[in-house]
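Quick note on labels: first sequence line is chain A, next is B, and so on, each numbered from 1.
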Protein chains: 2
Amino acid sequence: MPKDTFYNLPQEKRERIIEAALMEFEDNSFDQASTNKIIEQSGISKGSFYQYFEDKKDLYKHLIQLMVEAKLKYITPAMQNPFNHDFFEVIHDMNEAGLKFAVDQPRFLKIGSRLMQDKNHVLYREIIAENQDRAFEAYRALVKNAMDRGELRQDLDVDFTARTIFIMSSEIVTFATNGSFETLTEDITEILDKLMNLLAYGIKKTEGKND
Amino acid sequence: MPKDTFYNLPQEKRERIIEAALMEFEDNSFDQASTNKIIEQSGISKGSFYQYFEDKKDLYKHLIQLMVEAKLKYITPAMQNPFNHDFFEVIHDMNEAGLKFAVDQPRFLKIGSRLMQDKNHVLYREIIAENQDRAFEAYRALVKNAMDRGELRQDLDVDFTARTIFIMSSEIVTFATNGSFETLTEDITEILDKLMNLLAYGIKKTEGKND
DNA sequence: AAGTCATGTGACTCTATAGTCATATTTTAA
DNA sequence: TTAAAATATGACTATAGAGTCACATGACTT
């Protein structure tokens, strides 16, 4: 958590620092990112930096915090009463929200992805691990619920299915953006349709053939 | 490519160096890995290191080379006449080989995964990118072929399908190993069955319902 | 005007890095 | 035995990192 001094700063200066930090962490992992560069870029002094933040990690965690807040704004609407809506519709909407976030906030996405990548890093455990678990649990509950309601095949392994969907949801972004995180290669709707289709006819209880 | 001096070394010494390098690169990304530590660990002098290798990258690429060779030994058998065998059987066998490699050679896997993660790194482009493309092309060809033979639904998007399978194949290892890369959490056969099942009933042209 | 508290500063410490080079040792050849 | 070629060495260079600290400046209070 940044110190009070940081929050007392005029908005303009605060934004300059965040901007510089985003730039640095966008292109570098936590360890490789340089506080010196952030300081230079934002035009504050070394001393000031440590008046605002405990250390490098403090600043980094603040950025992640901002990212989580931003992402929640996208995801929340899709999560209203998820147990009463059609399973595939919920999954669809969540992925759609995720993709929109990816397109609108490429820098946040980039920083987030970088963090997710190094699963061995201390920060991964500190920040991501628990959130990942919570997200996975949400998927698990959705799958279980949909199975109970007869929307999905009864012979599915709940955990395996939830994990597959969870991973596919994480990967759909890379699918869609070519890894550059800045522009969409294909139309969101089209991608989601293909994904849902592939998923559904492996999961959905189906009466006859379908194509 | 290591220098001649390296290959002239007695096998024991060469192995000591490789061993130390594996240890270091297993736990650290290319940038974070320390040549100093490798030197210490293997008991050679700084000067000698640079008699054996051009630089850090040279050593690293050599390790990757060893990894590729090791992995090929696993994968090759599954790739014999892939166009004449059942599509799902080929995919199954390839994934099985990949999983076995993961269990037998956890250090190689770890180093490889680490490299795959940082898609922005120069080394990624230098080493992985082209191989990934080639691997993806292989999947694409398999899918196309299986569609032509009527094994798969005719309305599939070849690229999307190939990419999904490709990604699922990469992720199956994380599925199976809990991210620790050292022990399998579940039985390989079981995991593969679930994966193939989930995949098949979204792809395979099916006459009736199935469960 | 004097004093107090929050904020700003950059030179400095300590640590670590990759890579170099002059010199020493060992091996091979004549 | 001698000369030359290959290999070994570690102190050293140059660079960069995160974080500290004694001091300076500004603002607000009494």
> Below 4.0 angstrom, N of the basic side chain to O of the carboxylate: do B/Lys73 and B/Glu69 qualify?
Replying inline: no
Give every donor-acceptor pair under 3.5 Å between a side-chain atom in residues 2-11 of chain A and any protein atom, sequence neighbours left out.
from, atom 1, to, atom 2, distance (Å)
A/Lys3, NZ, A/Tyr50, O, 2.9
A/Thr5, OG1, A/Gln51, O, 3.2
A/Gln11, NE2, A/Glu15, OE2, 2.9

>> How long is the straight-line distance from NZ of B/Lys57 back to CD1 of B/Ile127, given to the nearest 0.5 Å?
In response: 8.0 Å
>> For DNA chain C, which residues of residues 7-25 of chain B approach it to below 4.0 angstrom with any heavy atom?
In response: none
>> Is the phosphate of C/dT9 approached by A/Ser48 (side-chain N or O, under 4.0 Å from OP1 or OP2)?
In response: yes
> B/Ile39 CD1 to C/dT20 P: how many Å, rounded?
Replying inline: 12 Å
> Applying ring pair (Phe, Tyr, Trp, His ring centres under 6.0 Å), which residue pairs with at least one partner in residues 66-85 of chain B are found, sequence neighbours left out?
Replying inline: B/Tyr74-B/Phe101
> Given D/dA8, is OP1 or OP2 found less than 4.0 Å from the side-chain N or O atoms of B/Tyr52?
Replying inline: yes
>> If the condition is salt bridge (charged side-chain N to carboxylate O under 4.0 Å, His left out), which residues does B/Arg125 pass it with, not counting sequence neighbours?
In response: none
> How does each nucleotide of nucleotides 13-27 of chain D score, in 5' to 3' order, for protein heavy atoms under 4.0 Å: base (B), sugar-phosphate only (S), or none (-)?
Replying inline: ----SBBBB------
> Has A/Thr5 got a side-chain N or O lying under 4.0 Å from the OP1 or OP2 atom of C/dT7?
Replying inline: yes
> Of all residues at least two apart in sequence or in a different chain, which pass the salt bridge (charged side-chain N to carboxylate O under 4.0 Å, His left out) check with A/Lys144?
Replying inline: A/Asp148
